[in-house]
Novice: 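Let me give you the structure first, and then I'll get to my questions.
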Amino acid sequence: MASPFIELNVGDRLIKVTNPDKIYFPGIGATKRELVEYYASVGEGALRALRDRPTYLKRHPDGVESEAIYQKRLPPRHPDWLETVTVRFPSGRSADALRVTEVAAIAWCANLGTIDFHPWPTRADDVEHPDELRVDLDPQPGTDFEDARVTAFAVREVLDELGLRGFPKTSGTRGIHINVRIERRWSFTEVRQSAIALAREVERRRPDLTTTAWWKEERGEKVFIDYNQNARDRTIASAYSVRARPHAPVSTPLTWEELADADPRDFDIRTVPPRFAELGDVHAEIDDRAFSIDPLLEWYAKDQRGDMPYPPNYPKMPGEPKRVQPSKARPEDPPE
């Protein structure tokens, strides 16, 4: 028997939604149809965050309690109006990822059970030069969103001093993301180096609260500033992405004024659409100006500590220290 379905108008497209009444988010009883309609309702903002970016899909075809499917390649069976862009992984292999060009593409993917959208920090016309510096504030066990909030304002202080403008959003879980639009002049390696420099400066100012330690055993009860989110092929959930939790939280763009007392539990698949209808996209100005990261690269060049470890799936990178967990290092291993 064929699956039940409905059809929704999204822009100029008619999007088929199969099994629309399937419960995807049991914590609030939200359905698959609500997921697709959510993305259509915040389409302008979601598209701004994803437009022309290679985008990975995190799919839960049977709802958030089913196992996730991380999909870097666009499914081979797809409408001919969907576009792709070729990206290269650290391994040297390549793939044709989704290139988001219209809201209907987001809705079509939501029908596949895509809950989170994870874009590259590059555009399709130049996938080698990021246009976004990403600051990922990740509270470690023993810390919480309040600690991430305080850290975010410490990040803002540094950015302001450098003449850079950051745009904060909830991660949709426990953390905070801050995006900075940058000029497309630097490689992934250089952008990652600038993220290291920024993270180290925040850590220097707030050693009681923040850490840049890559190894979890060294982080303690602090907020980890994950510089490696700026490495090639690493992605974070985009603005307006729903997160795969039973209560359907949303990674929600905020103003700095809102962040001062925001509660991430207030932003979900049902509360964000009316907020968007009232306020629009509070990050609408993010593309108005691209900034230079030269000051951060100057800090990095002057720092004698040099590079930091890459994620474990990366090949050994030039200038990277020995990639060994401190507790497992042999006596002959030089310190990092």
Side-chain angles (χ1 to χ4, degrees), residues 23-51 55 57-58 60 63-65 68 100 103 106-107 109-110 113-119 132 134-139 143-153 155-156 166-180 223 226 229 235-286:
I23 298 297
Y24 262 38
F25 303 95
I28 60 173
T31 64
K32 182 180 182 181
R33 174 176 182 162
E34 287 183 80
L35 175 67
V36 179
E37 291 180 332
Y38 161 80
Y39 278 116
S41 70
V42 300
E44 177 187 347
L47 182 60
R48 180 173 289 108
L50 295 171
R51 188 189 299 275
T55 300
L57 312 178
K58 182 169 176 283
H60 292 261
V64 299
E65 294 186 335
V100 178
V103 177
I106 303 172
C109 291
T114 303
I115 294 177
D116 307 41
F117 290 83
H118 290 252
E132 194 164 78
R134 295 173 171 176
V135 184
D136 180 12
L137 307 180
D138 183 10
T143 63
D144 55 20
F145 185 82
E146 179 59 30
D147 297 303
R149 187 202 322 270
V150 176
T151 303
F153 280 97
V155 171
R156 185 193 187 188
F167 290 79
K169 65 184 182 73
T170 64
S171 69
T173 52
R174 301 172 64 244
I176 294 172
H177 301 153
I178 304 170
N179 294 335
V180 180
V223 175
D226 190 354
Q229 294 294 13
T235 62
I236 59 177
S238 66
Y240 298 102
S241 267
V242 184
R243 305 309 304 273
R245 301 289 189 275
H247 60 294
V250 170
S251 181
T252 306
L254 302 173
T255 65
W256 285 104
E257 291 73 21
E258 289 178 314
L259 181 60
D261 60 2
D263 186 335
R265 294 171 295 185
D266 291 338
F267 307 111
D268 62 35
I269 197 173
R270 289 175 175 161
T271 62
V272 171
R275 166 187 164 84
F276 189 86
E278 178 184 358
L279 302 177
D281 182 8
V282 299
H283 284 188
E285 296 178 351
I286 193 169

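Computed over heavy atoms, backbone and side chain alike; hydrogens, waters and symmetry mates excluded. Heads up: numbering here begins at 1 and tracks the sequence.
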Novice: Quick check: do Y240 and F117 have side-chain heavy atoms less than 4.5 Å from each other?
Specialist: no

Novice: Heavy-atom distance under 4.5 Å between the side chains of R275 and V282, does that happen here?
Specialist: yes

Novice: So, do I176 and V155 sit near enough that their side-chain heavy atoms are less than 4.5 Å apart?
Specialist: no

Novice: State the CD-CZ distance between E44 and F276, to the nearest 0.5 angstrom.
Specialist: 4.5 Å

Novice: Considering only heavy atoms from C-beta outward, does the side chain of Y39 approach that of T114 to under 4.5 Å?
Specialist: no

Novice: Do P139 and F145 have side chains that approach each other closer than 4.5 Å (heavy atoms only, starting at C-beta)?
Specialist: no

Novice: Considering non-hydrogen atoms only, spot the tightest contact between A262 and F267 and give its length.
Specialist: CB-CE1, 4.3 Å

Novice: Between I115 and R243, is any pair of side-chain heavy atoms under 4.5 Å apart?
Specialist: no

Novice: Counting only heavy atoms not in E258 (residues, nucleotides, ligands), do more than 12 fall under 6.0 Å from its CD?
Specialist: yes

Novice: Does the side chain of N179 reach to within under 4.5 Å of the side chain of I236, using non-hydrogen atoms?
Specialist: yes

Novice: Roughly how far apart are F167 CZ and L254 CG, rounded to 0.5 Å?
Specialist: 12.5 Å

Novice: Write down the atom of I23, the atom of T31, and the distance for their closest heavy-atom approach.
Specialist: CD1-CG2, 3.8 Å

Novice: Could you go through I178 and R156, starting from their C-alpha distance and side-chain angles, then the distance that decides it, and tell me whether this counts as side-chain contact (heavy atoms from CB on, under 4.5 Å)?
Specialist: CA-CA 9 Å; I178 304 170; R156 185 193 187 188; 6.0 Å; no

Novice: Tell me whether R174 is salt-bridged to D144, with the criterion being a basic N under 4.0 Å from an acidic carboxylate O.
Specialist: no

Novice: Ignoring hydrogens, what is the shortest heavy-atom contact between R245 and F25? Give both atom names and the distance.
Specialist: O-CD2, 3.3 Å

Novice: Identify the residue among S241, S251, S238 that makes a side chain to side chain donor-acceptor pair (under 3.5 Å) with K169.
Specialist: S251

Novice: To the nearest 0.5 Å, tell me how far D136 CG sits from T235 OG1.
Specialist: 10.5 Å

Novice: Report the residues that fulfil side chain to side chain donor-acceptor pair (under 3.5 Å) with D263, sequence neighbours left out, ordered by chain and then residue number.
Specialist: R265

Novice: Looking at every heavy atom in both A244 and D116, which two are closest together, and how far apart are they?
Specialist: N-OD1, 3.6 Å

Novice: Please find the pair of heavy atoms, one from V42 and one from P273, that lie closest to each other, and give the distance.
Specialist: CG1-CA, 4.2 Å

Novice: Quick one: side chain to side chain donor-acceptor pair (under 3.5 Å) partners of T252, sequence neighbours excluded?
Specialist: none

Novice: From R134 CZ over to D226 CG, what is the distance, rounded to the nearest 0.5 angstrom?
Specialist: 12.0 Å

Novice: With distance as the sole test, does W256 use its side chain to make a donor-acceptor pair with the main-chain N or O of F153 at under 3.5 Å?
Specialist: no

Novice: Over all heavy atoms of both residues, which pair between A68 and K58 is shortest? Give the atoms and the distance, please.
Specialist: CB-CE, 4.1 Å

Novice: Any chance you could lay out the side-chain contact (heavy atoms from CB on, under 4.5 Å) test for I28 and I269, step after step, and finish with the verdict?
Specialist: CA-CA 10 Å; I28 60 173; I269 197 173; 3.7 Å; yes

Novice: State, with a plain yes or no, whether a side-chain heavy atom of Y24 is found less than 4.5 Å away from one of E34.
Specialist: no

Novice: From H283 NE2 over to T255 OG1, what is the distance, rounded to the nearest 0.5 angstrom?
Specialist: 7.5 Å

Novice: So, taking the atom named CG in L137 and the one named OG1 in T151, what distance separates them when rounded to the nearest 0.5 Å?
Specialist: 6.0 Å

